[in-house]
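Just so you know, ligand 1 is whichever comes first in the structure, and atom 1 is the first atom listed for that ligand.
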Amino acid sequence: MNEHVSLSVPADEQAPRPNSRKVFIKTYGCQMNVYDSGRMSDALAGEGYVTTEEMGEADLILLNTCHIREKAADKVYSALGRLRDMKKARAAEGRELMIGVAGCVAQAEGEEIIRRAPAVDVVIGPQTYHRLPEALRRARGGKPVVDTEYAVEDKFEHLPVTEKAKIRARGVTAFLTVQEGCDKFCTFCVVPYTRGSEVSRPVQQIVDEAWRLVDGGVREITLLGQNVNAWRAEGPKGGEWSLGDLLYRLAEIPGLARLRYTTSHPRDMDDRLIEAHRNLRTLMPYLHLPVQAGSDRILKAMNRRHTGAEYLRLIERIREARPDIAIAGDFIVGFPGETEKDFEDTLRLVEDVNYAQAYSFKYSTRPGTPGADLGDQVSEEVKAERLERLQALLLKQQAEFAKSCVGKVIDLLLEKPGRMPGQIIGRSPWLQSVNVDAKTSQIGDIIQVRISGTGPNSLFADPAESLIGA
Ligand code: SAH
Ligand code: SF4
Ligand code: F3S
């Protein structure tokens with residue numbers, strides 16, 4: 001999971017039905033929220049809502065929120081302040097505007113949201129969003145509705161399947177949530193409280209959804225979970241399946257060219273999953289495996305339940321199975337009690353691993369987590385200084401990784417039009433954005449290209465066939 005996403009759900013492909021209402025969904029946080037926003041849009045379609053990318057024309061504005069750091073939660077309240085004014089202006093014109101808050105802030109704050117932002121009509125948690133249409137109907141009665149109870153029913157069984165036209169509109173890559181929640185209780189993290197305990201979706205439900213996605217033109221599926229590699233379910237012939245088994249099963253779907261999964265916990269990287277990286281060509285050579293810190297003392301205080309050396313050994317085993325695998329990570333600097341020496345252990349671990357991609361953050365105190373009660377908080381100044389040093393090293397590694405790709409011939413999955421005519425943006429196996437002039441190819445094709453150069457956030461390539469005889 002990385003929580004840099006902040007985007008709106010693509011507009012529906014089909015023409016709006018007469019009198020249909022419009023919903024604008026703003027997504028904050030991780031990929032799980034992106035997936036959930038899509039499913040909320042599916043649920044609302046039954047109520048006659050079509051999605052729009054224009055906030056101004058929406059009858060319902062839904063914020064799908066993130067609670068991971070203080071700033072992420074603050075963003076939601078400032079957005080709600082702006083929406084209150086918009087709702088007032090609408091009311092003056094005699095037009096309805098409903099406001100909904102979903103996601104992890106909804107789960108963590110519940111009623112408090114209505115107290116702080118009375119313009120909100122509906123607060124709905126990540127476990128109950130299949131009940132969103134009903135909550136909206138009730139809220140039309142005039143009183144705000146808060147539904148953050150953990151549902152006893154399986155929400156996936158209660159959600160309508162995504163319409164084929166919508167799958168097409170969402171593009172050739174798709175997310176598929178297979179696991180939700182977290183039982184790890186890292187002492188800095190809100191996720192176990194906002195998303196509840198670990199639950200895995202059954203094999204058949206996942207396989208059916210994957211088939212539908214492929215039938216709708218999807219070529220690459222990323223399996224999602226807060227701890228995706230903790231996924232466990234009963235196999236078709238009895239016995240327990242782990243994520244590795246599921247990947248083998250999904251790799252059999254004709255037309256599904258690429259598989260990925262995110263985010264994983266080092267403790268749940270089992271042999272079967274490593275073996276899948278060795279044997280499955282459909283499984284892309286990219287692994288997001290956060291470590292957070294390099295010092296054993298801090299790892300212990302974070303309750304990560306592994307040491308730096310164990311993590312390094314694990315990376316070694318994974319690289320032995322799939323030598324070209326790109327490793328991505330997450331880091332927190334300035335966890336309570338982190339000394340300069342602890343921080344240097346993080347730098348050393350980063351040097352040892354050599355990351356292709358990484359996300360790093362200053363520790364943010366989250367009320368209700370054990371970390372919030374620890375003394376010895378690190379000052380903002382020290383956190384900022386450490387973050388800068390860490391990011392300089394990580395950026396250097398990322399740039400070196402990008403440079404090492406120049407000259408290589410790789411498979412590129414063409415995802416969307418580029419900025420220039422004839423240009424298409426694709427994804428490399430290592431999740432890099434690659435710009436290519438590919439006039440004769442189409443979105444969804446996988447073509448061979450030769451990487452020709454690097455830009456600030458992407459790579460450039462030429463179609464490999466144009467180089468034949470060159
Ligand atoms: N389940 C994943 C990640 C969950 S949250 C895992 O176990 O790694 C995504 C990232 O946000 C985390 O990896 C962590 O680096 C960061 N994060 C979580 N809580 C944070 C906090 N309180 N302060 C700063 N960063 C945090
Ligand atoms: Fe948060 Fe830790 Fe669970 Fe990841 S494993 S979601 S960091 S508690
Ligand atoms: Fe944020 Fe919730 Fe994801 S807190 S990172 S949206 S699980």
Side-chain angles (χ1 to χ4, degrees), residues 1-7 26-37 63-73 75-76 101-109 125-127 129 148 175 177 179-198 224-231 261-269 287-293 298-299 301-306 311 328-336 338 346 355 357-374 377-378 380 383 386-387 390-391 394:
M1 257 190 319
N2 80 63
E3 53 312 310
H4 297 274
V5 208
S6 176
L7 37 78
K26 170 90 174 165
T27 310
Y28 302 87
C30 62
Q31 292 98 327
M32 310 265 318
N33 265 11
V34 175
Y35 175 84
D36 290 349
S37 290
L63 304 182
N64 193 10
T65 62
C66 174
H67 203 239
I68 202 82
R69 280 171 292 275
E70 196 179 357
K71 266 197 198 140
K75 264 194 215 161
V76 175
V101 179
C104 290
V105 176
Q107 190 62 45
E109 311 238 309
Q127 281 79 11
Y129 62 73
T148 53
F175 291 137
T177 292
Q179 180 279 340
E180 291 196 288
C182 182
D183 295 339
K184 298 284 187 291
F185 290 93
C186 301
T187 53
F188 51 82
C189 185
V190 296
V191 171
Y193 311 96
T194 62
R195 293 279 175 162
S197 50
E198 284 174 4
L224 298 181
Q226 268 88 21
N227 264 320
V228 70
N229 59 346
W231 180 89
Y261 60 93
T262 198
T263 295
S264 300
H265 193 290
R267 283 180 58 88
D268 293 315
M269 272 324 281
L287 176 64
H288 188 192
L289 195 64
V291 66
Q292 316 296 354
I298 296 298
L299 284 168
M302 286 177 161
N303 194 30
R304 294 291 292 183
R305 291 182 290 164
H306 62 76
Y311 179 82
D330 289 353
F331 299 89
I332 294 177
V333 299
F335 185 79
E338 185 189 74
T346 300
Y355 287 90
Q357 179 65 257
Y359 306 94
S360 46
F361 315 96
K362 287 190 272 188
Y363 170 70
S364 168
T365 310
R366 307 309 287 128
T369 62
D373 300 328
L374 295 174
Q377 298 278 336
V378 177
E380 273 306 306
K383 281 189 220 172
R386 286 182 189 162
L387 187 66
L390 175 62
Q391 288 186 338
L394 290 167

Chemist: What atoms in ligand 2 come closer than 4.0 Å to a heavy atom of Cys186?
Modeler: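 Heavy-atom distances to Cys186 below 4.0 Å select 2 (Fe), 5 (S), 7 (S), 8 (S).
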Chemist: Any N or O of Phe188 that comes nearer than 3.5 Å to an N or O of ligand 1?
Modeler: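 Yes; at least one N/O pair falls below 3.5 Å.
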Chemist: Provide the number and element of each atom of ligand 3 under 4.0 Å from a heavy atom of Cys66.
Modeler: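 Every atom of ligand 3 under 4.0 Å from some heavy atom of Cys66: 1 (Fe), 4 (S), 5 (S), 6 (S).
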Chemist: Which bit of Pro290 gets closer than 4.0 Å to ligand 1, counting heavy atoms only: side chain, backbone, both or neither?
Modeler: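 Side chain only.
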Chemist: Do Phe361 and Phe335 have their ring centres less than 6.0 Å from each other?
Modeler: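 Not close enough - the centres of the two rings lie 6.0 Å or further apart.
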Chemist: What are the atoms of ligand 3, with element, lying closer than 4.0 Å to any heavy atom of Gln226?
Modeler: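 Every atom of ligand 3 under 4.0 Å from some heavy atom of Gln226: 7 (S).
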Chemist: Can you tell me if His67 has an N, O or S atom under 2.8 Å away from atom 1 (Fe) of ligand 3?
Modeler: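 It does not; every qualifying atom lies at 2.8 Å or beyond.
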Chemist: Taking only heavy atoms of Pro192, which atoms of ligand 2 are found under 4.0 Å from at least one of them?
Modeler: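 Per the distance check, 8 (S).
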Chemist: Name the option, out of Lys71, Met302, Arg69, that contains the heavy atom nearest to atom 25 (N) of ligand 1.
Modeler: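 Ranked by closest heavy atom to atom 25 (N) of ligand 1, first place is Arg69.
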Chemist: With heavy atoms of His265 as the reference, note each atom of ligand 2 found under 4.0 Å away.
Modeler: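 In order of number, 5 (S).
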Chemist: So if I count the atoms of ligand 3 from 1 in the order they appear, which ones are less than 4.0 Å from some heavy atom of Asn33?
Modeler: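 With Asn33 as reference, the close atoms of ligand 3 come out as 6 (S).
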Chemist: Judged by non-hydrogen atoms, does Val191 sit under 4.0 Å from ligand 1?
Modeler: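 No, Val191 has no heavy atoms under 4.0 Å from ligand 1.
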Chemist: Taking non-hydrogen atoms only, is Phe185 closer than 4.0 angstrom to ligand 2 via side chain, backbone, both or neither?
Modeler: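 Backbone only.
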Chemist: Flag Cys104 as yes if one of its N/O/S atoms falls below 2.8 Å of atom 2 (Fe) of ligand 3, otherwise no.
Modeler: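 Yes - counting backbone and side chain alike, Cys104 has an N, O or S atom under 2.8 Å.
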Chemist: Measure the CZ-CD1 distance between Arg69 and Ile332 for me, rounded to the nearest 0.5 Å.
Modeler: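 Taking CZ in Arg69 and CD1 in Ile332, the distance rounds to 7.5 Å.
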Chemist: Counting heavy atoms only, which of Lys362, Lys184, Gln226, Arg304 comes nearest to atom 7 (O) of ligand 1?
Modeler: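 Considering heavy atoms of Lys362, Lys184, Gln226, Arg304, the nearest to atom 7 (O) of ligand 1 sits in Arg304.
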Chemist: What is the minimum heavy-atom distance between Leu394 and Ser360, and which atoms define it?
Modeler: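 For Leu394 versus Ser360, the nearest heavy atoms are CD1-OG, 4.0 Å.
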Chemist: Hey, can you tell me if Phe331 and Tyr355 have their rings parallel, tilted or perpendicular (30° and 60° cut-offs)?
Modeler: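 Rings of Phe331 and Tyr355: perpendicular, as their planes differ by over 60°.
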